[in-house]
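This structure is in structure tokens; I'll ask about it shortly.
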Protein chains: 2
Amino acid sequence: MKLQQLRYVWEVARHGLNISATAESLFTSQPGVSKQIRLLEDELGVQIFARSGKHLTHITPAGQAIVEMAGRILQETGNIKRVAQEFRDERRGTFAVATTHTQARYWLPLRIAEFMRQYPEVRLQMHQGTPGQIGKMAAQGEVDVAIATEALEVSEDLLMLPLYQWNRSVVVPRGHPLTHTDTPLTLEALVSYPIVTYVSGYTGRSQLDRAFEARHMRPNVVFTASDADVIKCYVKLGLGVGVVANMAMDPETDSALVALSARHLFPTSTTRLVLRRHSFLRRFTYDFFLLLAPHLTRERVDAAMNARSQEEVDAMFAGVPLPVF
Amino acid sequence: MKLQQLRYVWEVARHGLNISATAESLFTSQPGVSKQIRLLEDELGVQIFARSGKHLTHITPAGQAIVEMAGRILQETGNIKRVAQEFRDERRGTFAVATTHTQARYWLPLRIAEFMRQYPEVRLQMHQGTPGQIGKMAAQGEVDVAIATEALEVSEDLLMLPLYQWNRSVVVPRGHPLTHTDTPLTLEALVSYPIVTYVSGYTGRSQLDRAFEARHMRPNVVFTASDADVIKCYVKLGLGVGVVANMAMDPETDSALVALSARHLFPTSTTRLVLRRHSFLRRFTYDFFLLLAPHLTRERVDAAMNARSQEEVDAMFAGVPLPVF
DNA sequence: GCCGCTTACGCCATTCGTAAGGATC
DNA sequence: GATCCTTACGAATGGCGTAAGCGGC
């Protein structure tokens, strides 16, 4: 049994049982991967992958268990490497974050900048994607942490910590009728205009839908995008009224627009930090968390890592005040 | 990073930082082990072992963490092998048990015999040792399960399940004065005779000491042994009155002796099953547990395996009736 | 002076890549 | 017919054992 064989098995399982694609992604030859897997199967005396002719069709029950354990082994080898790097020089290393556009564009920049100022030798890799992709990247250890708002699948191996809470703003061009009233904005007023907002599955869109649904209103969503930049652009063109996250408004660059608080119209959303359990966290990772939110102390993060279930983590943060936007 | 390098590192740590001894125990050459460890250190960029000249003196902090993680990896590779073997043929395999003389000689034989009848193809390895040795063997994964009475160190990686409870008997030669009274045995009567019993640290000896101490009595323990066979032998020679575990009396072979129940004199002892956490248990292992005690169902064992702490396990079995001897 | 780790070196096993073969969709 | 896995083979790499060197105790 070799570590590489375990890696090959795990990667092939991850790549939909396609050895060729796996080999390519690992920058090695396809026969090499094929042979090593076969050697491991011979050594263990069980098939890991079921084959029909010369195609891998599915994972055998034994293979299922083996892939799972191989995953844990590979994670632990990653931990060894991180520990070694930490002891070699705690200021150097790489740090991978996966997040959505909203976070990457509006909430993270200042915090990331401060982090890079504190740790100029750390290579920071930002991966952007849909909440689903982000969750997968975290689960498979491709990134160290993920940051997302929409609910991710609760997994045994993942851990979600509340990061901050935020509300929404309604965005309209200067001079728009909604800016002419002194009374606070109402859902009734809002629903009479065409709406421009996030695509379903992004940045708390589901919360928005639920708020209208609870009042039996059917908003006329004329345009959706996965990021606020695009949304604001179309609002400027007069296509409709925008509904975006508070953090997405910047008074300077958005001087052509007016933001009206919609805090009282929609429920508050919570953005969460996603961690992989049993992973070794480097010192700069803990410092990064503290930069994101002061309640994410090393003690709390460690306690959450040792929690048995996501429910326990949630209970742990139940009374903790979060930053609100 | 190679699995073998991790194994070498782990084994060297286990062998008191003696590379030569480690190499010998692994049936390989000493320079080979030395070189592989050095290669791993080079690759990781950190020293795992601190060297003074050409001797390993201690484990570095980084090494400490690495050895720990290597241990988990090696355990997981063992699990993979066991899973593979289980799927290859669930009736074959090897099964290693560590236990004390008392269990091996008196309580286990019939149960082991039944197990071997059910699984004739399983190779059963019985390791005998002191409770301390047994605990160590279980902790390091040298055996699949351990069975012992004396309290073992509570460890993160070990799990203790109650197996059965037992009491003590006072053993005397036929015609001994203690057999001439009709009243139940008392500690006062017992303490007036020289006593032959277990060595400290074996088979609940501590419970016995505590019982006398609670009454401020100082028994005259003239001879101690680590097993009941030896104790009974000396009782037959008239050296003193024996105090042994109930299970250690066999009416047939011990016809020269009379056993008087001492259940009311000493507290009940509990013999425990010791498991390593995160280890894959084969089907025959679960069956073995059921043979040992009917309350050790697969569900209970799995639940205990997932428990967070030993306290939680204890709570789990608080209301469960155990076999009593 | 003995023990124990490291270095040096040659042999053997293993791995990897290229090329060709055969099965499935 | 395109895709994909397996087999075959030669080159390169790497692990292992023996022998020698050298620093501690």
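Letters A, B, ... are given to chains in the order of the sequence lines, protein chains preceding strands, and every chain is numbered from 1.
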Original post:
Does B:Arg92 CZ have over 12 foreign heavy atoms under 6.0 Å away?
Top reply: no
Original post:
Could you state the CD1-C1' distance from B:Ile37 to C:dT7, rounded to the nearest angstrom?
Top reply: 16 Å
Subject >> Distance, rounded to the nearest Å, where B:His55 contributes NE2 and C:dC5 contributes P >> reply: 7 Å
**OP:** Pick base, sugar-phosphate or nothing for A:Gln4, based on heavy-atom distances below 4.0 Å to the nucleic acid.
**Re:** sugar-phosphate
Original post:
What is the distance from CG of A:Leu17 to C1' of D:dC5, rounded to the nearest Å?
Top reply: 13 Å
Subject >> OP1 or OP2 of D:dC16 under 4.0 Å from side-chain N/O of B:Lys35 >> reply: no
Original post:
Quick one: A:Met1 CE to C:dT14 P, roughly how many Å, whole number?
Top reply: 16 Å
Original post:
Would you call the rings of A:Tyr119 and A:Phe115 parallel, tilted or perpendicular, where under 30° means parallel and over 60° means perpendicular?
Top reply: tilted
Original post:
Could you state the NE2-P distance from A:His58 to C:dT24, rounded to the nearest angstrom?
Top reply: 15 Å
Subject >> Over 12 non-hydrogen atoms of neighbours within 6.0 angstrom of CD in B:Glu24 >> reply: no
**OP:** Check whether any side-chain nitrogen or oxygen of A:Ser34 sits under 4.0 Å from OP1 or OP2 of D:dT7, and answer yes or no.
**Re:** no
Original post:
Quick one: is B:Ser52 getting a side-chain N or O under 4.0 Å of the D:dG23 phosphate, OP1 or OP2?
Top reply: no
Original post:
Under 4.0 angstrom, heavy atoms only, what part of the nucleic acid is B:Ser20 near: base, sugar-phosphate, or nothing?
Top reply: sugar-phosphate
Original post:
Are A:Arg51 and D:dT6 close enough that a side-chain N or O sits under 4.0 Å from OP1 or OP2?
Top reply: yes
**OP:** Could you tell me whether B:Gln36 contacts a base, only the sugar-phosphate backbone, or nothing, with contacts defined as non-hydrogen atoms closer than 4.0 Å?
**Re:** sugar-phosphate
**OP:** Grab the CG-P distance between A:Leu39 and D:dT6 for me, whole Å please.
**Re:** 11 Å
Original post:
Counting only heavy atoms not in B:Arg283, do more than 12 sit closer than 6.0 Å to its CZ atom?
Top reply: no
Original post:
When we call it a touch if two heavy atoms are under 4.0 Å apart, what does B:Tyr8 touch: a base, just sugar-phosphate, or nothing?
Top reply: sugar-phosphate
Subject >> Protein-nucleotide distance (B:Phe27, atom CZ; D:dG17, atom P), rounded to Å >> reply: 12 Å
Subject >> Whole angstrom value for the distance that separates C1' of D:dC4 from CG of A:Leu56 >> reply: 9 Å
Subject >> Backbone N/O of B:Leu74 and side chain of B:Thr77: donor-acceptor pair under 3.5 Å >> reply: yes
